[in-house]
Amino acid sequence: RRGRKEMKMKGAHLTLDDRKIIQRDLENGMNRAQIAKELGKSPSTISKEIKLHKKFKLASAYGRGVRYFCENSGKFKECYGCKIECSHFKERSCKRRDKVGVCNKCPDNSKCYLDKYYYRAQQAHTEYLNTLSDAREGVNMTSSQMIAMAQLIGPLLKKGQSIYQILNAHPELNVCVKTLYNYIEAGIFKDYGIDNFSLRRQVCMRRRKKLKPRKQPANYDGHKYEDYLSFKREHPNIPTTEMDTVYNDPEGPYIQTFIFENAPVMIGFLHKEKTSASMASTLDLLQERLGEDYGKLFSLLLTDRGSEFEKHSLFEVNNETGEIRSDIFYCDPQMPSQKPHVENNHNYVRNILPNGVRLDKLTQEALDLAFSHINSVPRESLGGKTPYETFAFFYGEEMLEKLHVSKIEKDDVTLMPYLLKSQNTAK
């Protein structure tokens, strides 16, 4: 009991003097139990200290051209230069090294061709202090792990990927979103060019200005948001597709966007005119591409009261055949929250096509590429799946091909303006 009490009073942490005693005793050939008794520590403490801080030195054949040394090398006359791939290979043992754990001041060092391990007190103590400093700063990783993490997340952050997106693609990092945010905000990676400015910022919606009264108000009777809610109660199994418009210049061009309720893939179509006729022509194009599958995605449309959508008959009725193809409803004035999916997803569009960027040279092919990257971002709301994966599960990849949406590998996803500038599609 007295011995245990004295051992406890000595404390769990080894000092530099303790480590110098360990090195001296190892050089004198003492085993772990003898060292532990001298220091008043447990043998397991000494074993962990040696195992954690001993340094490996590769064996040298001193010009003999032999890398591996086999216990059975003397049993076979034709055997020369044993290799570990040989079925008879058995690594030579060393009583001192395997018993003590290190080769400090071994009398046979000069003629030994085996792998070696050395324990150095000063080096071990420096490593211990570095680890202790990291722990007190709240960083639960070693310096080498920190460097590896910085080298991995740095290029992905420069592509505009979010912390959640990176951790979803790389679970081997073994940290949560909040922890990695805290590391970056605390400046842990500042020496590697990663700071708060590297983080993807969430774009907040601005408060809408008061709407100017229309000279000839559009008639929304039967198509108001309250009518939409009644329609949903009667037809709960028909999914809603939200529709909107994005542009950087009032003179155009304009991007018509769609997002699907149960599988949130977003697609976009380029327009030179901001008219109902131009926007409705997209539905003509989609009917032609999708055929019978059109009704699965575009039976129910929800949009705002923009002038480009006010002629609801053009969206509901196919101009050539006269058939009813969709039901369209409109949100209340100044209520973008009634179509939250398309509004929130525009944040991703703005990452690639921020305000102020001219879209004169933007092409439909480049726009398809941008939305393919957006649809390949894993979402926490989808349990870590991407919109592409979710849509493919419900409708199949063939329909995604018809919508011109491609799968982008997670580490290749880019949400920055240079995605399109590199193709000379936007300036």
Side-chain angles (χ1 to χ4, degrees), residues 162 200-214 217-233 238-271 273-276 278-280 282-283 297-312 314-316 326-357 359 367 370-371 374-375 377 379-382 387 415:
S162 67
R200 169 62 65 197
R201 299 293 181 181
Q202 291 295 328
V203 180
C204 299
M205 294 184 191
R206 295 179 180 177
R207 180 172 293 182
R208 298 293 179 94
K209 297 180 180 179
K210 280 190 175 182
L211 295 177
K212 295 180 180 179
R214 298 176 184 274
N219 183 9
Y220 295 108
D221 291 344
H223 298 274
K224 297 178 181 179
Y225 190 72
E226 59 188 39
D227 301 315
Y228 164 75
L229 296 178
S230 298
F231 184 92
K232 286 292 287 184
R233 284 192 292 268
I238 298 180
T240 302
T241 295
E242 297 177 8
M243 179 172 62
D244 206 349
T245 307
V246 178
Y247 55 90
N248 285 354
D249 189 321
E251 301 299 322
Y254 312 93
I255 302 172
Q256 181 184 16
T257 58
F258 298 89
I259 193 168
F260 310 111
E261 179 183 34
N262 58 345
V265 156
M266 176 176 267
I267 56 176
F269 296 88
L270 202 59
H271 293 268
E273 298 179 349
K274 189 169 175 268
T275 64
S276 293
S278 180
M279 299 296 170
T282 301
L283 299 187
L297 300 177
F298 297 96
S299 290
L300 178 58
L301 300 175
L302 180 63
T303 186
D304 56 36
R305 299 192 180 193
S307 60
E308 69 272 29
F309 301 128
E310 64 182 4
K311 295 182 179 179
H312 50 77
L314 294 179
F315 296 90
E316 292 184 321
S326 304
D327 288 288
I328 186 170
F329 296 93
Y330 299 87
C331 298
D332 295 329
Q334 293 183 295
M335 290 296 292
S337 59
Q338 292 177 348
K339 52 179 179 64
H341 303 95
V342 69
E343 294 284 353
N344 290 334
N345 221 59
H346 282 168
N347 293 344
Y348 292 103
V349 179
R350 287 306 184 191
N351 291 336
I352 300 175
L353 300 172
N355 286 316
V357 173
L359 305 180
L367 196 60
F371 280 103
I374 291 171
N375 292 317
V377 176
R379 310 292 167 83
E380 190 171 5
S381 60
L382 301 177
L415 301 177

Residue pair L302 / Y225, side-chain heavy-atom distance below 4.5 Å: yes
Which atom of L359 lies closest to which atom of P253, heavy atoms considered: O-CG, 3.3 Å
Side chain proximity check, M243 to F315, heavy atoms < 4.5 angstrom: yes
Residue pair F371 / I267, side-chain heavy-atom distance below 4.5 Å: no
Donor-acceptor contact present, side-chain T240 to main-chain E261, <3.5 Å: no
Beyond-backbone contact of L283 with L301, side-chain heavy atoms, under 4.5 angstrom: yes
Atom pair CZ/CG of F260 and L297 - distance to nearest 0.5 Å: 4.5 Å
Donor-acceptor contact present, side-chain R305 to main-chain E310, <3.5 Å: no
Closest contact, heavy atoms only, Q256 versus H271: OE1-NE2, 2.8 Å
Worked check of side chain to side chain contact (heavy atoms under 4.5 Å, CB included) between V246 and L353: CA-CA 10 Å; V246 178; L353 300 172; over 6 Å; no
Spacing of N345 atom CG and R350 atom CZ [to the nearest 0.5 Å]: 13.0 Å
Main-chain N/O of I238 paired to K232 side chain as donor or acceptor, under 3.5 Å: yes
Distance (rounded to the nearest 0.5 Å) between D244 CG and T303 OG1: 5.5 Å
Whether E242 side chain and H341 backbone form a donor-acceptor pair below 3.5 Å: yes
Heavy-atom closest pair, residues E316 and D327: OE2-CA, 3.8 Å
Separation between OG of S276 and NZ of K311, rounded to the nearest 0.5 Å: 6.0 Å
Audit row: S278, Y254, side chain to side chain donor-acceptor pair (under 3.5 Å) steps and yes/no: CA-CA 10 Å; S278 180; Y254 312 93; over 6 Å; no
Closest contact, heavy atoms only, V357 versus N248: O-ND2, 2.8 Å
Partner of P387 under side-chain contact (heavy atoms from CB on, under 4.5 Å), chosen from N375, I259, I374: N375
P336 and D304, any side-chain heavy atoms less than 4.5 Å apart: no
Rounded distance (nearest 0.5 Å) linking atom OH of Y247 with atom CD of E308: 7.5 Å
Plane angle bin for F329 and H223 - parallel if under 30°, tilted between 30 and 60°, otherwise perpendicular: tilted
Pair F231 + Y228: ring centers closer than 6.0 Å: no
Pairwise distance CZ(F309) to NZ(K274) - rounded to 0.5 angstrom: 8.0 Å
